[in-house]
Chemist: 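Just dropping this structure here.
We're numbering straight along the sequence, starting at 1.
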Amino acid sequence: PVPEPGALVTPNVNFIDARVNEILGDPGHPEHKNMYEFFLHLSLNHDVMPERPDGPGTDRVVYSASSPDEGAFVNGAKHFGFFFHSRTPKTVTVNIMGEDTVFKVLHVLEFSSKRKRSSVVLEQEDGAIVLYTKGADNIIKERLADGANPTMKETDEQLSAYAEDGLRTLLIAKRDVPQAVYRAWAGRFKEASNSMVERKKKMEACMDEIEVDLVVL
């Protein structure tokens with residue numbers, strides 16, 4: 001397909017559908033919130049490192065990713081206005097529709113062949129705690145919140161269609177974590193992280209605890 005005149009062109013991205021920009025640009029659209037959160041998730045839940053080949057403080061950012069998938073997610077998010085450009089050990093900064101937003105990284109729950117998912121627990125600028133998770137569709141579906149995913153029937157149909165075409169699929173989901181729930185969990189996770197006995201097993205058990213009540217984006 002040929003981009004329309006004036007359309008944004010992003011290196012490594014070949015995705016043209018005017019409906020996406022229309023939904024993102026209309027806060028009153030019924031799908032706006034989920035679409036916004038979807039691309040925000042892609043810009044935050046990853047292990048990509050932003051590099052500046054022209055030197056510190058310059059504008060050009062090149063992504064160093066552990067896999068083509070991770071790089072594609074971040075480039076796709078950037079294409080639609082969610083530009084991940086800075087990372088420190090404790091924060092991630094994303095330019096959202098022209099304005100920088102800083103997220104505090106509380107925990108990174110890494111992918112493994114056993115878990116088949118990866119998550120990040122973040123504190124937003126307003127202090128709210130959010131968990132973003134992406135992973136194999138069968139794993140994520142087991143962890144969905146009851147009654148909070150009315151579009152799953154349609155989503156399952158799309159997953160089946162992709163699978164029939166031989167495409168790999170995953171689900172993107174989130175959870176708003178109450179402060180009290182997070183504080184209690186964080187204490188247990190810290191204890192598991194410091195354990196000298198079965199540390200990995202205890203940490204994975206804690207990860208299982210918080211990666212629940214998910215809402216598909």
Chemist: Taking Glu110's backbone N and O only, do any of them form a donor-acceptor pair with Arg115's side chain (distance below 3.5 Å, no angle check)?
Modeler: yes
Chemist: Hey, is the main chain of Glu70 close enough, under 3.5 Å, to the side chain of Ser67 for a donor-acceptor pair?
Modeler: yes
Chemist: When you measure from the side chain of Asn149 to the backbone of Val216, do you find a donor-acceptor pair of N or O atoms at a distance under 3.5 Å?
Modeler: yes
Chemist: Is it the case that Glu211 and Ser119 place a side-chain donor and acceptor less than 3.5 Å from each other?
Modeler: yes
Chemist: Would you give the length of the straight line joining atom CG of Leu40 to atom CG of Leu217, rounded to the nearest 0.5 angstrom?
Modeler: 9.5 Å
Chemist: Sub-3.5 Å donor-acceptor pair from the side chain of Arg175 to the main-chain atoms of Ile210, do we have one?
Modeler: yes
Chemist: Measuring from Thr169:OG1 to Asn138:CG, what's the distance to the nearest 0.5 Å?
Modeler: 8.5 Å
Chemist: Which of these, Met203, Glu198, Lys202, Glu204, sits in a side-chain contact (heavy atoms from CB on, under 4.5 Å) with Lys200?
Modeler: Glu204
Chemist: Charged N to carboxylate O under 4.0 angstrom, Asp208 versus Arg117?
Modeler: yes
Chemist: Kindly indicate, with the supporting measurements, whether the criterion side-chain contact (heavy atoms from CB on, under 4.5 Å) is fulfilled by Asp100 and His85.
Modeler: CA-CA 9 Å; Asp100 276 357; His85 63 80; 3.0 Å; yes
Chemist: Please tabulate, one pair per line, all N/O donor-acceptor pairs under 3.5 Å involving side-chain atoms of residues 121-129, not counting sequence neighbours.
Modeler:
unit_1, atom_1, unit_2, atom_2, d
Gln124, NE2, Asp126, OD1, 3.4
Glu125, OE2, Val102, N, 3.1
Asp126, OD1, Ala128, N, 3.0

Chemist: So, Tyr36 versus His29: side-chain donor-acceptor pair below 3.5 Å or not?
Modeler: no
Chemist: Under the ring pair (Phe, Tyr, Trp, His ring centres under 6.0 Å) rule, what do His46 and Phe73 come out as? Steps first, then yes or no, please.
Modeler: CA-CA 8 Å; His46 55 78; Phe73 296 148; 9.2 Å; no
Chemist: List the atom of Phe80, the atom of Met97, and the distance in Å for their closest heavy-atom pair.
Modeler: O-CE, 3.8 Å
Chemist: Should the ring pair Phe189 and Trp185 be called parallel, tilted or perpendicular, given that the plane angle runs from 0 to 90° and is split at 30 and 60?
Modeler: parallel
Chemist: Go through the steps for Arg143 and Thr133 under the test side-chain contact (heavy atoms from CB on, under 4.5 Å), then give the verdict.
Modeler: CA-CA 10 Å; Arg143 299 178 169 276; Thr133 301; over 6 Å; no
Chemist: With the threshold set at 4.0 Å, does a side-chain nitrogen-carboxylate oxygen contact exist between Lys33 and Glu37?
Modeler: no
Chemist: So, Arg52 side chain and Val61 main chain: donor-acceptor pair closer than 3.5 Å or not?
Modeler: no
Chemist: Which label fits Phe82 and Phe39: parallel for a plane angle under 30°, tilted from 30 to 60°, or perpendicular past 60°?
Modeler: parallel
Chemist: Please test His32 against Asp26 for side-chain contact (heavy atoms from CB on, under 4.5 Å), starting from the C-alpha separation and ending with a verdict.
Modeler: CA-CA 7 Å; His32 173 82; Asp26 179 9; 5.6 Å; no
